[in-house]
Amino acid sequence: MSPVRVRFAPSPTGFFHIGSARTALFNWLYARHTGGTFILRIEDTDQARNREEYLRLIYDSLTWLGLDWDEGPNPDGAGERGHFGPYRQSQRSALYTGYKHRLLETGRAYEKDGAVWFRLLGERYRVFDDHRQKEVEKVKGAPVVINDLIRGRVERREDEDFVIFRSDGNPVFHFVNVVDDITMQVSHVIRGEDHLSNTSKHVLLYEGFGVTPPAFAHIPLILKSPEMGQGKMSKRDRGALIEEYQQRRFLPEALVNYLSQLGWNPGDDREKMPLADIIRLFDLPGVNQSNARFDARKLAHLNMTYLLEQPAEKFAALARAYFTTQPNGAAALADAAYFQKVLALAQPKIKSIDELGAYTGYFFTDEFATDPKVREKVMAKGDPQARLAELIAALPALDFSSDIAVEAGLKALAESHGLGFGDYQAVARLAVSGTNAGPSLTALFRVLGQDRVLARLQRLQAQA
RNA sequence: GUCCCCAUCGUCUAGCCCGGUCAGGACACCACCCUUUCACGGUGAGAACCGGGGUUCGAAUCCCCGUGGGGACGCCA
């Protein structure tokens, strides 16, 4: 059997979105599963829309996801690797011209209106096209049969000659795609189902060149989640761009894990699984045929489970990188030991790194916001002023050496007034953090320290 | 409009190929437990075979027709 060679062939005409990422992932997984080669090819034949920054984004996104390519431009953009290059279509024009002449010479292509057209074989007739509202020439030829690895046998009839070189002299997608796959010896074309109806053109082109087509595998599309509306996910949809997850500092392994299971599954109940297992179990016949809707909540949940199991040092590194980019991040990073203690409280509670700012804000500044609703509720119940006064009176003598000590001290305080711990909790929490959610009160006290806690209790007392 | 693909809980899906298990898991939602808050975790509940015809002793599973969803119909990729 010939070696597996697959490619991901994005065009740098826009942001890198979730659907592209999954197509790249499935190609990459298949290459790694089979011990084959993963090629990155840049389809930059649309000169009007290509942008250098989008190219950079492709490299960065793939690298961030951990989808390394064996052949293609180097990730830093300088030079390339592999023996089938160049890997940017804009640099392959001589090759395309050669292949164009082959078709011209055999009569499978002809010039018209300054463009070059691929000639279909069969009986010709003219008919009015409803969709385009004009009369066109059609060809009645044999249907093209595609034996798709995921869809099975698909039959489609191509009935019109189509342009392979524009009148501006540039080749079009269908043509370069096929020529590149031939010359790069691509064995399996794994791409979105939106290309299924293009495939008949491609197969015809292969036949025109006298080349056996590669195997095709058309994967299902990613649709918008129900609350986002109908149709396939587009670049404009919230959560559709890889960049967003990168900025929100999702763990790439969580995103890869989630994406791998959108249209594929290991055949059992496992969902969270190490990449090595995904690679081992992934195969084309296991890919689903129906489109999948993107579920941001499930992704967030998966990210949380990954976050939970990160070693403290790794979590700290992620947190540092995050705070470095935050407006008030310097304050958080000022005291490394204190920072570490705060992170220990936050790690088991957040779903993604970007929640860190909101979750830990009051640890790093005294000017934190107080939730007005929480405040109203807390101050309306029981006798918060009395509890505050008791807390303030007891605080100088409170032992802050450990959670246990803080807890014992607070319990003793409560008992001395014939009350329970719970009678102090809400108001104390409001005073030190401005909210009603967060780490345990004892941890909150201990990490914040005696001075901060006292000052914040007094401040609330004065305000109320 | 024409062509192509698809169809199991709200969502991702197992089961389908090789008909016969209370149609299983996960996310979300709800309840309870754990918890001195909020989460996490645990337990439990509700929740699906799109409809109609066949084939068969028996259909989520095989076939056909509807319906619904998606995609493609560019000198874009």
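Residue numbers begin at 1 in each chain, while the letters A, B, ... track the order of the sequences. As a basis for the values below, the full set of heavy atoms in this structure was taken, side chains included, without hydrogen atoms, waters or symmetry mates.
- The same atom, P, is picked in B:C49 and in B:A59; the two are 16 Å apart, to the nearest Å.
- B:A48 and B:A23 have their P atoms separated by 11 Å, with the value rounded to a whole Å.
- With a cut-off of 3.5 Å on both Watson-Crick or G-U wobble distances, the partner of B:G1 is given as B:C73.
- A gap of 42 Å separates the C1' atoms of B:G70 and B:C32, to the nearest Å.
- Counting non-hydrogen atoms under 4.0 angstrom, A:S167 reaches a base of the nucleic acid.
- A:E271 contributes a side-chain N or O that forms a donor-acceptor pair with the base of B:G25 under 3.5 Å.
- Annotation: B:U11 and B:G19 have their C1' atoms spaced 29 Å apart (nearest Å).
- The closest donor-acceptor contact from the side chain of A:Y258 to the backbone of A:D295 lies under 3.5 Å.
- Mapping A:E193 and A:H301 onto RNA chain B by nearest heavy atom places A:E193 at the nucleotide closer to the 5' end.
- Closest heavy-atom contact between A:N303 and A:K351: ND2-O, 2.8 Å.
- When rounded to the nearest whole Å, the span between CG of A:D268 and C1' of B:A26 equals 12 Å.
- Side-chain N/O atoms of A:N288 include one lying less than 4.0 angstrom from OP1 or OP2 on B:U13.
- Summary of the strand contacts: A:V172 and A:K298 both lie near RNA chain B, and taking for each the nucleotide with the nearest heavy atom, the more 5' one is attributed to A:K298.
- The environment of CD1 in A:I404 is sparse: at most 12 heavy-atom neighbours from other residues, nucleotides or ligands sit within 6.0 Å.
- Distances shown here put every side-chain N or O of A:K272 at or beyond 4.0 Å from the OP1 or OP2 atom of B:C12.
- The interatomic distance linking A:R297 (CZ) with B:C29 (P) rounds to 7 Å, in whole Å.
- The side chain of A:Q289 places an N or O atom within less than 4.0 Å of a non-bridging phosphate oxygen (OP1 or OP2) of B:C6.
- When heavy atoms are screened at a 4.0 angstrom cut-off, A:D113 is found touching base atoms of the nucleic acid.
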Legend entry - Derivation of the salt bridge (Lys or Arg N to Asp or Glu O under 4.0 Å) call for A:K232 and A:E193: CA-CA 11 Å; A:K232 71 170 172 176; A:E193 199 225 59; over 6 Å; no
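- The residues A:D371 and A:K377 are annotated as not salt-bridged, no charged nitrogen and carboxylate oxygen being separated by less than 4.0 angstrom.
- Comparing the same atom, P, in B:C22 and in B:C16 gives a spacing of 16 Å after rounding to whole Å.
- We find that NZ of A:K377 is positioned 9 Å from P of B:C38, with the value rounded to whole Å.
- Between A:L40 and A:P10 the shortest heavy-atom distance is CD1-CD, 3.7 Å.
- Atom C1' of B:C3 sits at a distance of 24 Å from the matching atom of B:C50, rounded to the whole Å.
- Dashed line: the shortest gap from a side-chain N or O of A:Q261 to OP1 or OP2 of B:A26 is not under 4.0 Å.
- Between B:C18 and B:G54, the two P atoms lie 24 Å apart (nearest whole Å).
- Between the side chain of A:R293 and the base of B:U11, no donor-acceptor pair under 3.5 Å is found.
- In this structure, B:A26 forms a base pair with B:U11, meeting either the Watson-Crick or the G-U wobble geometry with both donor-acceptor distances under 3.5 Å.
- Separating the C1' atom of B:C73 from that of B:G66 is a span of 25 Å, rounded to the nearest Å.
- A:R191 has its CZ atom 12 Å from the C1' atom of B:A72, to the nearest Å.
- Here the CG atom belonging to A:N291 is positioned 13.0 Å from the NZ atom belonging to A:K224, to the nearest 0.5 angstrom.
- Phosphate proximity of B:A77 to A:R166: present, with a side-chain N or O under 4.0 Å from OP1 or OP2.
- One cannot find a donor-acceptor pair under 3.5 Å joining the base of B:C40 and the side-chain atoms of A:K349.
- Remark: B:U35 base-pairs with no nucleotide; criterion is Watson-Crick or G-U wobble with both hydrogen-bond distances under 3.5 Å.
- Within the 4.0 Å cut-off from OP1 or OP2 of B:C6, not a single side-chain nitrogen or oxygen of A:N291 is found.
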